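Down below is the structure, laid out as structure tokens.
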Amino acid sequence: MSYSEKVLEQLKQKNSSEPEFIQAATEVLESLQPVLDKHPEYEAASLLERLVEPERQIMFRVPWVDDNGKVQVNRGFRVQYNSAIGPYKGGLRLHPSVNLGIIKFLGFEQIFKNSLTGLPIGGGKGGSDFDPKGKSDREVMAFCQSFMTELYRHIGADTDVPAGDIGTGAREIGFMYGQYKRIRDCYEGVLTGKGLTWGGSLVRTEATGYGLVYFANEMLKEKGTDFAGKTVVVSGSGNVAIYATEKVHQLGGKVVALSDSNGWIYDEEGIDLAAVKEIKEVKRGRIKEYLQYRLNAKYTEGKGIWSVKCDVALPCATQNELLIDDAKMLVANGCKVVAEGANMPTTLDATKYLQENGVYFAPGKASNAGGVATSALEMSQNSQRLSWTFEEVDAKLHDIMVNIYKSASAAADEYGAQVGGNKNLVLGANVAGFLKVADAMMAQGIV
Ligand code: NDP
Ligand code: 2IT
């Protein structure tokens, strides 16, 4: 058994109730064996065993009072995974599906993603099984204040810097920041995704979606083409999906479908993004309401968005939303590029099928890194006590995404990783992200 297989076996035994974590670790560890063969010193230092074990895992009670005066209790999490190359950095997910295994998979992915950005940020993730959907602003504030009343003691601008993720947007970050400042009496860049008048960075709202499309554009360039005239399907209709759609349209492509957890819309003429922003960002409504804006659009309840014919597919909702049968439909319909905006939206077998059938595939840890990269730019601006212009931040984001593409594709080339006539960017991203962290861990001794 190879070193990576041994570590994976142990990991499966120790974490048998965490399927998403096992899935994320399997994908990474299976990619790394060629690097481990080249660097026997890693096994001698039990580097992988240390890498897969979070430095610290925090779980806590979050009590709050709802609008009926009833006390509610949620579970809070922060997994501080790896600080070899910088303070822990990663989002906070608020969704009823959140549990320790989900936060561990996200935190593990974040280590490699953050490394790929080239910026000094370690990996972490947190959140709660609290569901902001259908709650009043006061209830959301009560939850966020209670959550931060415990979390504050574990974080700090040079220790751990949380941010948004599913269910955590500008409103939630505001309530959490207010409570942190109140308890600590300290105005520091402890969270990213802040409002523009109180330490936030321009482009952070747009960054994950824009960055995803900058990355996908590099993939199209490799294939001798670009977004002009391309038909694109984007799943989800939250932060990442909305700004991915905006950038596709700016580059001359046409997004024809979007979704939420209830169903999906199809608009042959191209999605009217102003309508989607009003439904989702202002009214916090359901994607079905799009029919009130565009009479010719179609709504389908439930799953099925990947049955829509497209050139490029951008899954931007959640983990394991693109399954093997979806992959088969995409291939049969002639889709040529899949780039993940969400974290691990494609199952392992669907990824393999896409790759082996000639689809150029980008893993989220490379293609969705624009959000956290711009968070790191927010941290830099906070340290300098300066704000950069939209153009400056957007240009840096663009350069970072091009560089991530170059690092992942160079690593794929170095290890001869080709699949279905394309570079294997899954292997390339894992290897390139891993090497920087591994080097720092080796230099820092047994910690
Ligand atoms: P939002 O909360 O803004 O939007 C999430 C979208 O995905 C919504 O349309 C939501 O629908 C849908 N969705 C969520 N959970 C499910 C589910 N279980 N089944 C079906 N649909 C679901 O989150 P973001 O846009 O910020 O995040 C989307 C993805 O991108 C996540 O995987 C996140 O980890 C990842 N990501 C986010 C970054 C960021 O900067 N925000 C950075 C990098 C990655 P509904 O409203 O019905 O729940
Ligand atoms: O998954 C992710 O990279 C994020 N949710 C963004 C994290 C961040 O710190 O900006």
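Predicted, not measured: the structure shown is a model, and the values here were computed from it. Excluded from the calculations below are hydrogen atoms, water molecules and symmetry mates; all remaining heavy atoms, backbone and side chain alike, are included. Every number for a ligand or one of its atoms is a count from 1 in the order of the listing.
In terms of modelled atom types and a separation under 3.5 Å, the side chain of Glu27 and the main chain of Ala24 share no donor-acceptor contact. Judged by distance alone, with hydrogens and angles left aside, the side-chain atoms of Asp439 form no donor-acceptor pair with the main-chain N or O of Lys436 at under 3.5 Å. Side-chain atoms of Thr374 do not come within 3.5 Å of backbone N or O of Ala207 as any donor-acceptor pair. Not a single donor-acceptor pair under 3.5 Å links the side chain of Trp64 to the backbone N or O of Gln145. The backbone N or O of Gly341 sits less than 3.5 Å from a side-chain atom of Asn368, completing a donor-acceptor pair.
Within the structure, the salt bridge (Lys or Arg N to Asp or Glu O under 4.0 Å) test picks out the following pairs touching residues 423-433 (sequence neighbours left out): Glu222-Lys423, Asp413-Lys423.
Listed here is the closest heavy atom pair of Glu340 and Gly364: OE1-N, 2.8 Å. Closest heavy-atom contact between Ala429 and Ala408: N-CB, 3.8 Å.
Among Lys365, Lys125, Lys104, the single residue meeting the salt bridge (Lys or Arg N to Asp or Glu O under 4.0 Å) criterion with Glu109 is Lys365.
Heavy atoms of Arg93 come nearer than 4.0 angstrom to ligand 2 in no pair at all.
Protein residues lining ligand 1, listed by chain and number: Arg93, His95, Lys113, Lys133, Asp165, Ile166, Gly167, Arg204, Thr208, Gly236, Ser237, Gly238, Asn239, Val240, Ser259, Asp260, Ser261, Arg286, Cys316, Ala317, Thr318, Gly341, Ala342, Asn343, Asn368 [non-hydrogen atoms, distance under 4.0 Å].
With a 4.0 Å heavy-atom cut-off, ligand 2 is reached by the side chain of Arg204 but not by its N, CA, C or O. Contacts between Asn343 and ligand 2 below 4.0 angstrom, taking non-hydrogen atoms only, involve the side chain exclusively.
Side-chain contact between Arg204 and Ser375 is present, with at least one heavy-atom pair separated by less than 4.5 Å.
The nearest heavy-atom contact from the protein to atom 9 (O) of ligand 2 is Lys89 NZ, 2.6 Å. For atom 2 (C) of ligand 2, the closest non-hydrogen atom of the protein is Lys113 NZ, 3.3 Å. Closest to atom 7 (C) of ligand 2 among all protein heavy atoms lies Gly91 N, 3.5 Å. Ranking the protein heavy atoms by distance from atom 10 (O) of ligand 2 puts Ser375 OG, 2.5 Å first.
Note: an N/O pair closer than 3.5 Å links Gly164 and ligand 2 by distance alone. Considering backbone and side-chain N/O atoms, Asn368 never comes within less than 3.5 Å of an N/O atom of ligand 2.
Atoms of ligand 2 found under 4.0 Å from any heavy atom of Lys125, numbered from 1 in the order shown, are 1 (O), 2 (C), 4 (C), 5 (N).
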